[in-house]
Amino acid sequence: DAKTTQPPSMDCAEGRAANLPCNHSTISGNEYVYWYRQIHSQGPQYIIHGLKNNETNEMASLIITEDRKSSTLILPHATLRDTAVYYCIVRSLNNAGNMLTFGGGTRLMVKP
Amino acid sequence: GAGVSQTPSNKVTEKGKYVELRCDPISGHTALYWYRQSLGQGPEFLIYFQGTGAADDSGLPNDRFFAVRPEGSVSTLKIQRTERGDSAVYLCASSLGGGEEETQYFGPGTRLLVL
């Protein structure tokens, strides 16, 4: 699976949009971009995923660049409960086990 | 059921002891995964079951680690002769199938501390 690069930490003011970047410059055409988050002392929680097109759901929006080498997760109105570690994961269609390969993630701190 | 459940939530044991960690996946999910998460790091894959069989156990660190899923539902991760380095959070996840777009849903984890 392609490697991802994320900033180790970010701050965001409550009520503002949180934009979390992810670099996946070696991504191949059949690999999806997944985002999970992990709130302290809990298991990872699925947020969103995409292949080529931008995606939106009730939690977030995922913007993937046209060359697919980077993406941004957007939390439109961050709340204190969004404080968590956010993981960007590239997942291969050819991954026999379909396991998720987590990197270090971005620790998002939402501040009042 | 509501979600993936794991028991116990916390386990303290002594070096050299045997431990079993249990995972109850979401009802109807055929794929089950075990991950291990050390402090300050992301989860690392251990083993993947499709039904009753281990489809990929390439993440198991050594032969002290073993997992079973005899009826294709509940799974047990077994660790023999525990070492202090085995201390971590052990996470279980399940998905409806094993396909690449199948979302994995995680349990809360079991925190294992080996003294």
Side-chain angles (χ1 to χ4, degrees), chain A residues 1-9 20 22 24 27-53 55 57-60 62 84-108, chain B residues 2-7 9-10 21 23-26 29-51 53-60 67 88-111 113:
Chain A
D1 293 340
K3 180 179 168 60
T4 62
T5 304
Q6 298 177 254
S9 64
L20 292 98
C22 180
H24 32 79
I27 194 170
S28 61
N30 63 354
E31 290 180 318
Y32 287 85
V33 179
Y34 274 76
W35 283 83
Y36 278 75
R37 74 179 182 184
Q38 189 170 24
I39 295 169
H40 183 60
S41 296
Q42 297 183 22
Q45 177 190 22
Y46 166 80
I47 302 173
I48 199 167
H49 76 281
L51 184 63
K52 295 180 182 177
N53 300 320
E55 302 287 345
N57 62 21
E58 65 279 2
M59 289 183 70
L62 174 60
V85 178
Y86 287 76
Y87 295 100
C88 170
I89 299 164
V90 170
R91 194 177 185 194
S92 171
L93 293 179
N94 297 322
N95 185 334
N98 291 304
M99 76 284 282
L100 299 171
T101 303
F102 291 81
T106 295
R107 186 171 299 276
L108 176 69
Chain B
V4 178
S5 62
Q6 293 185 245
T7 54
S9 53
N10 293 280
L21 312 179
C23 172
D24 279 87
I26 294 172
H29 280 195
T30 63
L32 185 146
Y33 305 78
W34 284 98
Y35 294 82
R36 178 169 73 172
Q37 186 171 25
S38 300
L39 194 63
Q41 298 181 18
E44 293 178 316
F45 168 75
L46 294 177
I47 187 169
Y48 155 57
F49 285 90
Q50 183 59 254
D56 184 350
D57 64 358
S58 62
L60 295 177
V89 176
Y90 289 82
L91 294 160
C92 176
S94 71
S95 65
L96 191 59
E100 61 280 350
E101 271 210 86
E102 299 281 0
T103 298
Q104 293 185 23
Y105 297 91
F106 284 80
T110 294
R111 283 155 190 76
L113 177 61

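Letters go in sequence order (proteins before strands), and every chain restarts at 1. FYI, side chains are in, hydrogens and waters are out, and symmetry mates aren't considered; it's all heavy atoms of this structure.
Applying the side chain to side chain donor-acceptor pair (under 3.5 Å) criterion to A:Y36, with sequence neighbours excluded, gives no partner residue. In this structure, B:Y105 has no side chain to side chain donor-acceptor pair (under 3.5 Å) partners at least two apart in sequence or on a different chain.
Interatomic distance, OG1 of B:T103 versus CD1 of A:I48, reported as 10.5 Å (0.5 Å rounding). How far OH of B:Y35 is from CZ of A:F102: 6.0 Å, rounded to the nearest 0.5 Å.
For the pair A:P44 and B:F106, the tightest heavy-atom approach, listed with the atom from each and the gap, is O-CB, 3.3 Å. For the pair A:M99 and B:Q104, the tightest heavy-atom approach, listed with the atom from each and the gap, is CA-NE2, 4.1 Å. The shortest heavy-atom contact between A:S41 and B:R111 is O-NH2, 2.8 Å.
Neither the backbone nor the side chain of A:Q45 comes within less than 4.5 Å of any heavy atom of chain B. In this structure, the portion of B:Q37 lying under 4.5 Å from any heavy atom of chain A is its side chain and not its backbone.
At a threshold of 4.5 Å between non-hydrogen side-chain atoms, the residues A:L100 and B:Y33 do not count as touching.
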